[in-house]
Every structure is written in structure tokens, then in C-alpha cells.
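Below, all heavy atoms of this structure are taken into account, side chains as well, without hydrogens, waters or symmetry copies. On a predicted model such as this, the values are computed, not experimentally measured, just so you know. Proteins come first, then strands; the chains are lettered A, B, ... in the order of their sequence lines, and each starts at number 1.
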2 protein chains.
Amino acid sequence: MKSKKPLKLASVRPEIREAESDTDRLVTELRRRIVSHEIAPGARLRENQIAEEFDVSRGRVREAFGVLEERGLIERIPNKGALVTRLEADRIEELFEVREFLEAAMVRLATERGTRETWERLLNVFGDDLAEAVAGNDFDAYMAAIREFRGTCIAVAENETLKGLLDSIYDRVQGMTRRLVLVPGRAMAGFHQHRDILIAMRDGDADRAEQLRRENLRDARAWFQKYQSYLL
Amino acid sequence: MKSKKPLKLASVRPEIREAESDTDRLVTELRRRIVSHEIAPGARLRENQIAEEFDVSRGRVREAFGVLEERGLIERIPNKGALVTRLEADRIEELFEVREFLEAAMVRLATERGTRETWERLLNVFGDDLAEAVAGNDFDAYMAAIREFRGTCIAVAENETLKGLLDSIYDRVQGMTRRLVLVPGRAMAGFHQHRDILIAMRDGDADRAEQLRRENLRDARAWFQKYQSYLL
DNA sequence: AAATACAATATTGTTGACAATATTGACAAC
DNA sequence: GTTGTCAATATTGTCAACAATATTGTATTT
């Protein structure tokens with residue numbers, strides 16, 4: 001099963017290509033699998049197995065484990081091994097608490113720095129079409145709209161540090177979030193909350209937008225608490 | 001100069017001792033040196049040199065570099081090397097923006113979860129004695145008080161995720177923060193702001209405490225902007 | 001002297017092997 | 001059947017050597 005590692009050839013487009021080490025590729029791919037729950041929370045990660053699959057040495061795998069651990073995606077126990085982080089209820093609550101403030105920051109900065117047109121365009125995304133889709137349980141449409149909202153906000157906010165922190169949190173809670181929208185009524189509530197936030201943003205009312213975003217996160221947290229036995 | 005690495009002996013107190021790998025020790029010590037500016041921003045970190053100093057192999061050093069990079073303390077350029085991160089003015093502004101919200105979160109949660117006695121005790125720390133010390137440019141006393149304020153708040157807030165994010169930010173801005181208190185008038189302003197925040201906390205007024213903390217951070221940022229040519 | 005070519009050196013990237021530790025499974029004692 | 005040993009196996013921790021890439025120094029040309 002072991003394939004010979006080919007010598008590294010010069011890239012076809014050396015002027016464009018950005019160097020990416022084996023470790024970087026490992027981090028990227030393992031992150032993807034963990035975030036998507038392709039590898040389940042609590043699952044054991046064996047250095048040997050991963051090294052063989054990606055055809056690299058265990059040293060690379062260990063390096064990748066180090067950064068995944070730092071990101072909170074895996075936990076390592078010395079001399080025992082690495083496990084995909086399993087979020088307990090209290091840790092999820094913590095993440096909701098922190099998110100409430102970081103999302104508030106995102107919405108405030110975006111409101112202050114964005115143009116009215118930006119939010120009008122986003123308001124069209126959160127229009128009656130999406131309302132109908134959500135009413136018909138089209139979660140893909142809803143999730144896509146949410147993603148666009150967040151992507152636009154974080155781009156307009158122009159704060160790489162904030163972006164990094166929020167991305168890291170999204171990575172950790174993505175699995176739970178996807179289940180949360182399944183709870184009857186949650187998606188529709190979220191839809192209306194986002195629409196209200198966008199109206200405040202369009203009107204340039206940063207205080208109100210920030211306040212509404214915080215309420216939105218607190219509400220999401222309340223739904224999580226109510227249905228947590230189904231969500232964990 | 002090369003000393004033989006001794007075989008690892010069983011710990012004297014195996015029941016107490018928590019396993020700490022070479023990599024962990026490297027991360028801890030390098031972090032300390034970078035945060036304290038014992039290693040200057042922009043300085044080159046050579047794997048060989050560090051490996052020799054700590055008497056470990058380069059593999060360990062590389063692993064440590066991975067997590068330091070993830071924490072934003074160093075930057076690595078593929079095939080070139082690692083540099084201690086040098087914060088540019090715009091990145092510092094970003095960190096101030098994010099901090100404004102995370103510190104607000106800390107103060108709110110602490111207010112909601114702490115007891116009146118806790119804040120009364122802290123108010124004693126921020127009493128007239130400290131005011132006099134600050135007036136006499138006793139920065140050690142001021143910094144110690146600030147540290148106690150933060151330590152108490154973050155402990156009372158009971159949110160490990162928030163603690164981790166704030167610790168990471170403190171690590172990155174500590175050098176600049178220490179210079180900022182040198183600016184004439186800044187320490188005294190900070191002193192009064194902290195006292196006002198603590199009064200709100202003692203009164204259980206989380207809204208006001210949060211608001212004051214945000215103003216405190218915005219003010220600190222304004223001072224930074226005004227004196228940045230001296231601070232960078 | 002300035003610019004260039006290129007060998008010599010230094011530094012980072014990667015691997016396979018060995019050491020230390022943990023887990024498993026077979027066997028015996030109770 | 002349960003429990004306790006202990007050797008066999010599996011897994012993590014570490015290192016030293018080699019490969020790939022970058023930097024430096026020097027001779028050479030202009």
C-alpha cells in the first residue's frame with residue numbers, strides 16, 4: 001500500500017505558486033475533515049495511519065497535530081495520543097458567550113465601514129424568497145444566506161484579527177450549528193433576526209445593529225439550551 | 001559545547017508530575033522571551049541555534065515554531081525562516097478593536113457572576129494609595145494593580161475560552177502596553193477609568209461596567225494613536 | 001568600481017530508525 | 001469467573017542524517 005514519494009519537481013507555475021509544505025497540507029485537510037465531522041468528535045487520531053495515508057513521515061503529522069491542538073480542534077494527551085475535540089455543553093455555552101461579543105464587534109465595524117448599497121443588496125438575499133424557502137425547510141438556502149451575511153460583514157469590517165478569531169470559533173461550532181437549524185422554528189427566527197439586523201445596518205444605526213446581533217446570539221444560545229439533549 | 005542528553009529517568013514524584021514534553025518547554029520558554037521582548041520583534045530565530053541552546057533536536061524546535069506561529073508570536077516564511085512578529089500600527093489598531101469587545105465581555109460576565117465583596121476588595125487596591133503611587137510615576141504599582149484587576153475579572157468570569165483569547169492578545173500587545181503607560185497622563189487616566197468600572201461592578205450595574213470598559217479601551221487606543229511614533 | 005556567475009556555506013524541509021511509554025492478550029492463581 | 005502478572009505488540013517521543021533551498025563570498029568580466 002506504500003507508494004514511493006516522488007521527488008519534488010519544480011512547480012509548473014513557479015511565479016504564481018506559493019510554497020506550501022506537507023505540514024500545511026496536512027493541517028488544511030485534517031481541519032476540513034474535523035470541521036465537517038468526517039472524522040467524528042472523540043475519534044482517535046493515530047500518527048502512523050495518517051502518515052501512511054498522506055504518504056509523509058510521522059514528523060510532519062506531529063507538526064500538524066501541534067497547530068490543530070492550538071486551534072482547539074484536537075486534544076493531545078502526552079504519551080497517549082490525539083483525539084478530535086468533543087465539545088461539552090459548558091464549553092459550547094462559553095463559545096456562545098464569546099461569540100455574542102465578537103459578532104457584535106463584527107456587525108458594528110461593518111456598519112461603520114460599509115455602504116448603504118452593501119446592506120441593501122444583502123437585504124435582497126434575506127427577502128421573501130428566502131422566507132418561503134425557510135418555511136419550506138430549505139436549510140441549504142438558509143445556510144448559504146447566513147454564510148453570505150457573515151462573509152460580507154467580515155470583509156467589510158476590515159479586521160483580520162477579528163476574522164481569524166471568528167473563523168476559529170466557527171470551525172469549532174459548525175457541527176452543532178448545523179444541527180441547531182433543524183430545531184423547528186429556529187431557522188425562521190434566525191431569518192427574521194438577520195433581516196432586522198440588516199435593516200439597522202442599512203440605516204447606519206450601528207448601536208442598534210450591534211444590540212440586535214447580541215440578542216440574536218443570546219436567542220440562539222437559549223434554543224441550544226432548550227434542545228441540547230438533541231444537539232450534543 | 002554539546003552536552004550529552006541524559007536518558008530520561010523516572011520522575012522523582014511520578015504521582016504528581018504532569019508530563020511535559022521537550023516541545024512544551026520550548027514553547028513556554030520561547031513565548032516568555034518573545035513576550036518580554038528579551039528577543040526583539042523582527043529578530044530571526046534559527047532552528048539550529050535554539051536546538052543547541054536547549055539541547056534538543058531541530059524537530060522539537062520546528063514543532064514549537066508551529067504553535068508559536070499559530071499564536072501569532074512568530075511568522076514563518078517557507079524555506080527562509082522564522083521571525084518574531086513585529087506589530088505594525090494597523091495590526092495594533094485591530095487588536096484594540098477586538099480587545100474592546102472581549103474586555104467588555106469579561107467585565108460583563110465578571111459583574112454578573114462576582115460578589116459585591118470581590119469588587120470592594122479590588123476597589124481598595126485602586127484606592128488613594130495607588131493614586132499617589134501613580135502620581136509619583138510608580139508604574140510597577142500601577143501595572144501590578146491592573147494585573148490583579150484582570151486576573152480577578154477573568155477568574156470570576158468563568159469562561160476558559162474567553163481567558164484563552166485575552167491571554168493570547170495580551171501576549172502580543174504587552175510590549176506596547178508597557179510603553180503606553182509611560183505617556184504622561186495615561187496611567188492616571190487609566191487609574192480613574194478602572195476605579196469607575198469597579199464602582200459600577202460593585203453596584204452590580206453590568207451595563208454601565210461594560211460601557212465604561214469599552215470607553216476605557218477606546219481611550220487607550222486614542223492615546224496610542226496620538227503617541228504612536230514614540231510607541232512603535 | 002559595479003555587475004555577474006558560481007562554488008562554498010548555511011539554513012530549512014523531510015525522512016527512517018531507535019527509545020520510551022502505553023495497550024493488549026495469554027496464562028496462572030485465587 | 002475474576003483478578004493479577006508479564007511478555008508481546010502498538011503507539012508516541014526523540015534524534016541524527018540527508019535532501020532541498022537560500023545566502024554568502026569570491027573570482028571574473030565589463
Enquirer: Can you give me every donor-acceptor pair (side chain of residues 66-76 of chain B, partner residue at least two apart or in another chain, under 3.5 Å) with its distance?
Expert:
| residue | atom | partner | partner atom | Å |
| --- | --- | --- | --- | --- |
| B/Glu70 | OE2 | A/Arg71 | NE | 2.7 |
| B/Arg71 | NE | A/Glu70 | OE2 | 2.7 |

Enquirer: Any ring-ring contact (aromatic ring centres under 6.0 Å, His included) involving residues 84-109 of chain A? Give me the pairs, sequence neighbours left out, ordered by first then second residue.
Expert: A/Phe96-A/Phe224
Enquirer: In whole angstroms, how far is the C1' atom of C/dT23 from the CD1 atom of A/Ile77?
Expert: 14 Å
Enquirer: Fit a plane to each ring of A/Tyr230 and A/Tyr227, take the angle between them on a 0 to 90° scale, and name the class: parallel (under 30°), tilted (30 to 60°) or perpendicular (over 60°).
Expert: tilted
Enquirer: List in chain and number order the residues that pass side-chain hydrogen bond (donor to acceptor under 3.5 Å, both in side chains) with A/Arg58, two or more places apart in sequence or in another chain; answer none if no residue qualifies.
Expert: A/Glu47
Enquirer: Round to the nearest Å and state the distance from A/Ile50 atom CD1 to D/dT12 atom P.
Expert: 9 Å
Enquirer: Please give, in whole Å, the distance from D/dA22 C1' to B/Lys80 NZ?
Expert: 7 Å
Enquirer: For A/Asp167, check salt bridge (Lys or Arg N to Asp or Glu O under 4.0 Å) against everything at least two apart and list the hits.
Expert: A/Lys163
Enquirer: Output the rounded distance in Å from CD (B/Glu63) to P (C/dT14).
Expert: 14 Å
Enquirer: Measure from the side chain of A/Ser21, starting at C-beta and using heavy atoms only, and say which of D/dT12, C/dT14, D/dT14 lies closest.
Expert: C/dT14
Enquirer: What is the distance, rounded to the nearest whole Å, between atom CG of B/Asp22 and atom P of D/dT14?
Expert: 4 Å
Enquirer: Starting at CG of B/Asp24 and ending at C1' of D/dT12, how long is that distance when rounded to a whole Å?
Expert: 13 Å
Enquirer: Please name all residues satisfying side-chain hydrogen bond (donor to acceptor under 3.5 Å, both in side chains) with B/Gln225, sequence neighbours left out, ordered by chain then number.
Expert: B/Glu93
Enquirer: I'd like to know if B/Arg221 and B/Glu103 make a salt bridge, using a cut-off of under 4.0 Å between side-chain N and carboxylate O.
Expert: no
Enquirer: Between B/Arg76 and A/Arg58, which residue's closest nucleotide on DNA chain C lies nearer the 5′ terminus?
Expert: B/Arg76
Enquirer: With sequence neighbours excluded, what pairs up with B/Asp171 under the side-chain hydrogen bond (donor to acceptor under 3.5 Å, both in side chains) test?
Expert: B/Arg31
Enquirer: Which residues, if any, of residues 39-46 of chain A bring a heavy atom under 4.0 Å of DNA chain D?
Expert: A/Arg44, A/Leu45, A/Arg46
Enquirer: Protein-nucleotides 7-9 of chain C N/O pairs closer than 3.5 Å?
Expert:
none

Enquirer: Of the nucleotides D/dT12, C/dT12, C/dT23, which has the atom closest to the B/Asn48 side chain?
Expert: C/dT12
Enquirer: Atom CG of B/Asp55 to atom P of D/dA16: distance rounded to whole Å?
Expert: 9 Å
Enquirer: With sequence neighbours excluded, tell me which residues meet side-chain hydrogen bond (donor to acceptor under 3.5 Å, both in side chains) with B/Glu160.
Expert: none
Enquirer: Starting at CG of A/Asn79 and ending at C1' of C/dA19, how long is that distance when rounded to a whole Å?
Expert: 12 Å
